[in-house]
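Here is the structure we will look at, set down as structure tokens.
Below, all heavy atoms of this structure are taken into account, side chains as well, without hydrogens, waters or symmetry copies. For ligands, and for the atoms within them, numbers begin at 1 and follow the listed sequence.
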Amino acid sequence: MNDRPIGVFDSGVGGLTVFRALCAALPDEPMVYLGDTARVPYGTRSPSTVERYSMEAQDFLNQHRIKLLVVACNSASSVALDSLVRESDVPVVGVIAPGARRAVEQTRSGVIGVIGTRATVASGAYERAIQALRSDARVESRACPLFVPLAEEGWTDNDVARATAETYLGELREAGVDTLVMGCTHYPLLREVIGATMGAGVELVDSAEAVADEVRGLLADEAAPPLPAGASARRDLFITDEPAPFMRMAERILGPEATRIEQVRLDEY
Ligand code: DGL
């Protein structure tokens with residue numbers, strides 16, 4: 001169990017923001033990443049489709065004999081987490097609960113903004129998770145679907161990104177949120193534009209670090225102890241479409257951690 005990898009999946013490059021935090025927090029752990037780039041985005045699809053795609057990603061990662069599954073996609077965590085947990089022999093960590101916890105820790109006014117894909121916002125998963133922790137919190141949600149193609153395209157800091165952010169976020173800013181959950185793993189790639197649009201008084205929550213803390217805690221359990229320091233860590237990246245555009249972003253996000261990238265077909269698993 002000990003030397004088995006941690007499995008991580010997302011619809012595309014966004015989950016690499018979580019993968020990067022995991023690599024930083026657990027430098028000696030082998031990890032396998034799957035980006036389902038042939039079918040990105042998940043967030044505009046129906047819950048049953050997102051659930052089916054997520055189960056296929058899980059099957060693929062199980063072939064790699066993972067010891068823990070990280071669902072590095074808010075859309076999948078919102079609508080498929082229960083099914084993934086049911087089907088899994090290993091612990092499953094989603095991104096919603098850690099992000100909600102961090103938002104509740106950070107907010108002073110109790111007015112929390114959540115931005116995500118249509119699937120995530122429609123599911124109401126963040127509202128439920130936040131209000132379970134703080135029942136008087138007010139949650140203002142907004143779907144920002146165009147942020148995903150902007151991030152996939154690497155258009156993270158140009159006029160188009162700024163105009164898109166202003167259009168999506170203006171109302172949230174006016175609603176007086178003091179904390180904004182970037183409830184999509186692609187959005188931290190636009191962090192600067194989102195932060196500048198919301199203004200200095202608004203704290204941005206990126207669940208990546210909260211997820212990494214949770215995974216570290218789980219590995220501290222006897223069932224799956226962390227590897228001893230100094231073990232050589234494998235970082236295998238798999239995607240379902242051509243590698244070129246993904247590689248460009250992966251190198252930008254991960255730097256030297258992007259050691260091996262291979263294209264695979266999920267229907268073969
Ligand atoms: N990274 C996914 C998420 O966190 C969004 C991208 C998509 O729509 O597939 O929700």
In terms of side-chain heavy atoms, does E166 have a donor or acceptor partner in T197 at a distance below 3.5 Å? no

Side-chain heavy-atom pair E29, L219 within 4.5 angstrom cut-off: yes

Residue pairs passing the salt bridge (Lys or Arg N to Asp or Glu O under 4.0 Å) test where at least one lies in residues 110-130, sequence neighbours excluded: none

Should the ring pair F60 and F238 be called parallel, tilted or perpendicular, given that the plane angle runs from 0 to 90° and is split at 30 and 60? perpendicular

Closer than 4.0 Å to some heavy atom of V148 - which atoms of ligand 1 meet that? 6 (C)

Please work out which of G43, G14, S78 has its closest non-hydrogen atom nearest to atom 8 (O) of ligand 1. G43

Test item, S75 contacting ligand 1 (heavy atom, 4.0 angstrom): yes

Ligand 1 atoms in contact with T117 (distance to a heavy atom under 4.0 Å): 5 (C), 8 (O), 10 (O)

What do you reckon, are the aromatic ring centroids of F147 and Y168 less than 6.0 Å apart? yes

From Y187, Y42, F9 - option closest to atom 7 (C) of ligand 1 by heavy atom: Y42

Taking side-chain contact (heavy atoms from CB on, under 4.5 Å) as the criterion, tell me which of L16, D10, T17 meets it with V13. L16

Polar contacts were defined as any N/O atom of the residue lying under 3.5 Å from an N/O atom of the ligand; does this apply to T120 and ligand 1? no

Which of these, D236, V264, L237, sits in a side-chain contact (heavy atoms from CB on, under 4.5 Å) with L34? V264

Among all protein non-hydrogen atoms, which one is nearest to atom 5 (C) of ligand 1, and what is the separation to 0.1 Å? C184 SG, 3.2 Å

Distance under 4.0 Å to a non-hydrogen atom of D10: what atoms of ligand 1 satisfy this? 1 (N), 2 (C)

Under-4.0 Å heavy-atom contact with ligand 1, by part of T185 that carries it: both

Residue selection (non-hydrogen contact nearest atom 3 (C) of ligand 1) among T44, V71, L189, N74: N74

